[in-house]
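Accompanying notes for the structure given below.
Atoms within a ligand are numbered from 1 in the order they appear, just like the ligands themselves.
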Amino acid sequence: MGTLASELLPASRASCLNYRDGLLKLEQVLLNRKRKMGPTTAFPILHRVAALSSIRSTTALRHSLCKPTVKLCYASLCTLQQMRCVSTETALSQHISDLTDREKRLLTKLYDGLIRGQRAALAESITLVETQHPRKKELAQVLLQRVLAFRQEQEKRNGGNPVAFRVGLSGPPGAGKSSFIEVVGKMLTGRGHKVSVLAVDPSSCTTGGSLMGDKTRMTELSRDMNAYIRPSPTSGTLGGVTRTTNEAIVLCEGAGYDIVLVETVGVGQSEFAVADMVDMFVLLIPPAGGDELQGIKRGIIEMADLVVVTKSDGELVVPARRIQAEYTSALKLLRKKSKVWKPKVVRISSETGQGVPELWDTMLQFRDAMLNCGELRIRRQTQQKVWLWNLIQENALRHFQQHPAVRAELPELERRVTSGDISPGLAADLLLKVFSSVQ
Ligand SMILES: Nc1nc2c(ncn2[C@@H]2O[C@H](COP(=O)(O)OP(=O)(O)OP(=O)(O)O)[C@@H](O)[C@H]2O)c(=O)[nH]1
């Protein structure tokens, strides 16, 4: 069956339609045989469909492909799980029944501390979800499930509305992000909010260095008992950004933080990942000239619900006004992201505080408009799905790369591809065949 999957589903990304045909044929064959797929068959199919996600323009097609694939694979995985007496539903309770007394005590301590809003418990819980240790990862999932259940209860009591407002902040280095967070954060804690700040530093996963962490940032806010600031380290990949940060958001919300600010520097793909995990995405732009603004990707402007021109004070007011006008016209040309909200461009100064209360009012207008029309809920649901697929893609790829047969064949195939002997498509096909035949 593994071979059958490889034959019916061509590896070439260009032939997306063939994928659809292949899947339909495969479905037919499976129905005729009245056989569910084994993992050997299911896995390469999942992998191939997941690989399609790298083609932006085929999103709709990918979704249409994912559905039948997931249906097929799910059936097969369920069989496998039944064989092992481990269904997805029982997996978690098994985790729980497997817990040692020490682990149970730890989780109870963390959970109780967390929902009472204890910072130490929150910090320890976030460390647990960031861990790479397999057993601790399982414990983290048990904790997260409990916190999710708690949060769902809170949302029910809140009329089905989210209990926290998640805001993503991005901008080039030096745009004034930390000064902005300091001022806005202080204003919000002064109004009785609890604010958490998760700082995603993409450089920590690519270079091991840090764009954000080398200096003391947000000194006043970090001393505020109603604020919690935490760097959100990334575990090597974009999926790592998504996973640890998303889970940290859940924990912060469980700990009673009703405003979660997720900050990232506009480097690499991390800002796209952050835009995909928040209710509102805010882009911060300094009032600087051409070169500094070159680094701002067009795609990220499209993601913005609000553009904030920073440092609008003293001599910088004039360039800030110019940048505001430029961005206002640029935004008019972009496709609308929401039916009820038109992205705005505002000017503020963290130094004088000018424009900051008005900015927060604008952000609340956004939240209310999105909540009332139901778009916020849909946005969150879509984000959950994107997160699920990011993780499947990442795990599937890691599983494939670590497979002994793949590792054995890979160097030679890479050599033949680079020397032009065979096409990358054929090499990928061969590797997938090796992967699916030797399990
Ligand atoms: N005039 C003026 N300067 C500001 C303002 N906000 C920030 N700055 C200055 O701009 C510089 C960068 O500010 P940060 O807040 O550290 O910027 P950042 O985006 O967090 O920078 P990275 O941490 O490097 O990403 C600092 O020297 C600040 O003093 C402002 O409102 N007005």
Return a yes/no value for [X]: is any of its N or O atoms, backbone included, closer than 3.5 angstrom to an N or O of ligand 1?
X    : result
F180 : no
I348 : no
P173 : no

Exactly one candidate in Q141, K136, R135 meets side-chain hydrogen bond (donor to acceptor under 3.5 Å, both in side chains) with E138; the answer is R135
Heavy-atom proximity to atom 5 (C) of ligand 1 ranks first, among K177, K311, E263, M218, for K311
### Task
Please indicate whether Q354 has more than 12 foreign heavy atoms, meaning atoms of other residues, nucleotides or ligands, lying under 6.0 Å from its CD.
no
For E358, I'd like to know if atom CD has over 12 heavy atoms of other residues, nucleotides or ligands within 6.0 Å. yes
Ligand 1 atoms nearer than 4.0 angstrom to some heavy atom of S349 are 31 (O)
If we number the atoms of ligand 1 from 1 as shown, the ones under 4.0 Å from a heavy atom of S179 are 6 (N), 7 (C), 13 (O), 14 (P), 15 (O)
Any heavy atom of D313 under 4.0 Å from ligand 1? The part involved is side chain
*Between R367 and L364, is a side-chain contact (heavy atoms from CB on, under 4.5 Å) present by the stated rule, with each step listed?*
CA-CA 5 Å; R367 189 190 59 178; L364 290 181; 3.8 Å; yes
Heavy-atom nearest pair, F150 first then G254, reads CE2-O, 3.5 Å
A175 near ligand 1, heavy-atom distance under 4.0 Å?
yes
Here the side chain to side chain donor-acceptor pair (under 3.5 Å) pairs for residues 308-318, sequence neighbours left out, are S312-R347, D313-S349
